[in-house]
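Take a look at the structure below.
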There are 2 protein chains.
Amino acid sequence: MRISQLAAATDVPVATIKYYLREKLLHDGVLTSATQARYDDSHVRRLKLIRALIGTAGLSVSATREVLLGLENPPESGHDLLGIAHHAVTRTAPDDVDLSSAQTLLDRWGWGAETCDRDTQAALVRALHGLSEAGFDAPAALLDRYAAAMQDIAEADVESVPTDSAEAAMQHVILGTLLMEPVLLAMRRLAQQSASFQLLGGTESPRQSGAQ
Amino acid sequence: MRISQLAAATDVPVATIKYYLREKLLHDGVLTSATQARYDDSHVRRLKLIRALIGTAGLSVSATREVLLGLENPPESGHDLLGIAHHAVTRTAPDDVDLSSAQTLLDRWGWGAETCDRDTQAALVRALHGLSEAGFDAPAALLDRYAAAMQDIAEADVESVPTDSAEAAMQHVILGTLLMEPVLLAMRRLAQQSASFQLLGGTESPRQSGAQ
DNA sequence: TGACTTAGATAGTGGCACTCGCCAATATTG
DNA sequence: CAATATTGGCGAGTGCCACTATCTAAGTCA
């Protein structure tokens, strides 16, 4: 398979494939001469994965590279899989936030603070801080309810990880974490619309697309 | 309050404030002469809100402008509030996706398809499509479990909306939708880490920040 | 043989969120 | 009142990012 065929098979422009090759997101094809290389199904799969991570999950190119690197070199610990996926989506801000408020919440929800990544805790603190800065006071009861729902989801996540193969587990955890986020958010919005229609009552038909 | 004091009070550079003024994110101050204007607490609050929407929620400047516009001109229908918030976070891709698969899911989850915004349905379809393109087959049972959890959350969302004032409801819905998303995602990651530690068992201490 | 394709490298594009510099007009300070 | 600092308004520049275009030498295929 030549590069133009790879492009046709994945609907990705040739120039973009070359860019991914340069950026080491996509592994090189087999050179058959100085100006020809062969690509195969592994490139097709990889390219679709790259597009999903960049397009659907919204990762940056460098974060995508790290995730793919993790997929190829699975860590020994079964727990570290998550770290790779979580690190990719956690906006790492070097400003050290105060994690004590996170500790309190994690204790309350029964999530061992010592088993949780500091960056992720910082992400929670930053998100809550942004909320309060904007003048939104989230009642503790509401947060607790959110936490219970997310624990449900996380348990489903962890239980659904295949245990037979390390590679399969790796793939599952990373994709299940990264690519499921937009699914969950879309679900929440749809559920909100449904719930608001039932409780608040829509006076007329809901707002449809063309809002511009 | 002069612009430099406004900058000091919000920790936003003067040049950036001027940029927000130009982009109509921040309302003008009261001109006291050709080259002086006064700002007040409303500007401080607005600026913090802008920063939260752009920084925490990750909105673009133009999406932020639309949200702020919606905050000032609340729609009559109580249901349309959501549309403004949801439109801001929904990557509007002009490619018309096939919504029939979404209809099936919405029916199964008891969310009236006719009460749901098309853009949001399209977002769900696109997210699920990205998932399958990457080689991740989400079992229906898993999606159902996710949907149940998100319905819990959405009900909590809708119930917590204050009913006394239209402005308060507006503010609550928009911030609760947009700024809560990063909170929820961080919660899911923490819950995953906690659950994975308990079920899969971490062989050693979890991966801590410095992954670079 | 001659039209077409490719690897590899360099350079350019468009969008975004700022950021800078300037100027005339004004405010503040001594 | 004079010297200094600040401001509104505006055009232009910056840095980053994800591509995208172009070029050349070296092939492939009919």
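So you know, we letter chains A, B, ... as the sequences are listed, proteins then strands, and number each from 1.
- Computed from coordinates, the A/I3 CD1 to C/dC4 C1' distance equals 15 Å when rounded to whole Å.
- Per the geometry, CG belonging to B/L53 stands 17 Å off C1' belonging to C/dC18, to the nearest Å.
- In this view, B/S160 and B/H172 satisfy the side chain to side chain donor-acceptor pair (under 3.5 Å) rule, not counting sequence neighbours.
- Just one residue in the list A/R188, A/R189, A/Q193, A/Q192 forms a side chain to side chain donor-acceptor pair (under 3.5 Å) with B/T120, and that residue is A/Q193.
- Salt-bridge formation is not detected for the pair A/R51/B/E133: no Lys NZ or Arg NE/NH1/NH2 atom is positioned less than 4.0 Å from an Asp or Glu carboxylate oxygen.
- Distance, A/R2 CZ to D/dA26 P: 19 Å, rounded to whole Å.
- What you find for A/A134 and B/L175 is that their closest heavy atoms are O-CD1, 3.6 Å.
- Of the listed nucleotides (D/dG27, D/dG8, D/dT28), D/dG27 has the atom at the smallest distance from the side chain of A/A34.
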Polar atom pairs (N or O), protein with nucleotides 18-21 of chain D, under 3.5 Å:
from   : atom 1 : to    : atom 2 : distance (Å)
D/dA18 : OP1    : A/V61 : N      : 3.3
D/dC19 : OP1    : A/R51 : NH2    : 3.4
D/dC19 : OP2    : A/Y20 : OH     : 3.0
D/dT20 : OP2    : A/T16 : OG1    : 3.2
D/dT20 : O4     : A/R22 : NH2    : 3.0

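- Rounded to whole Å, atom P of D/dG9 lies 8 Å from atom CG of B/L21.
- For the pair B/S4 and D/dT7, the criterion of a side-chain N or O lying under 4.0 Å from OP1 or OP2 is met.
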TODO: Would you sort out whether A/L106 and A/Q103 count as a side-chain contact (heavy atoms from CB on, under 4.5 Å), showing the intermediate values?
DONE: CA-CA 5 Å; A/L106 292 179; A/Q103 308 278 341; 5.5 Å; no
- [ ] Show your working on side-chain contact (heavy atoms from CB on, under 4.5 Å) between B/Q151 and A/S194 and close with a plain yes or no.
- [x] CA-CA 9 Å; B/Q151 179 158 9; A/S194 168; 5.8 Å; no
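- Judged by distance alone, the side chains of A/H27 and A/S42 do bring a donor and an acceptor atom under 3.5 Å apart.
- Summarising the geometry, the separation between CD on A/E23 and P on D/dC16 is reported as 14 Å, rounded to the nearest angstrom.
- Salt-bridge formation is detected for the pair B/R145/A/E159: a Lys NZ or Arg NE/NH1/NH2 atom is positioned less than 4.0 Å from an Asp or Glu carboxylate oxygen.
- Backbone-only contact: A/L31 has heavy atoms under 4.0 Å from sugar-phosphate atoms and none from a base.
- Whole-Å rounding puts the B/R38 CZ to D/dT6 P distance at 14 Å.
- Taking 4.5 Å as the limit, every side-chain heavy atom of B/L178 sits out of range of all side-chain heavy atoms of B/T56.
- Atom pair A/I17:CD1 and C/dT5:P shows a separation of 15 Å (rounding to whole Å applied).
- Going from atom CG of B/L26 over to atom C1' of C/dA17 covers 16 Å, rounded to whole Å.
- The C1' atoms of five pairs define one axis at each end of the helix from C/dT1-D/dA30 to C/dG30-D/dC1, and these two axes lie 0° apart (to 10°).
- Where B/S33 and A/K18 meet DNA chain D, the nucleotide closest to each residue was compared, and B/S33 sits on the side nearer the 5' end.
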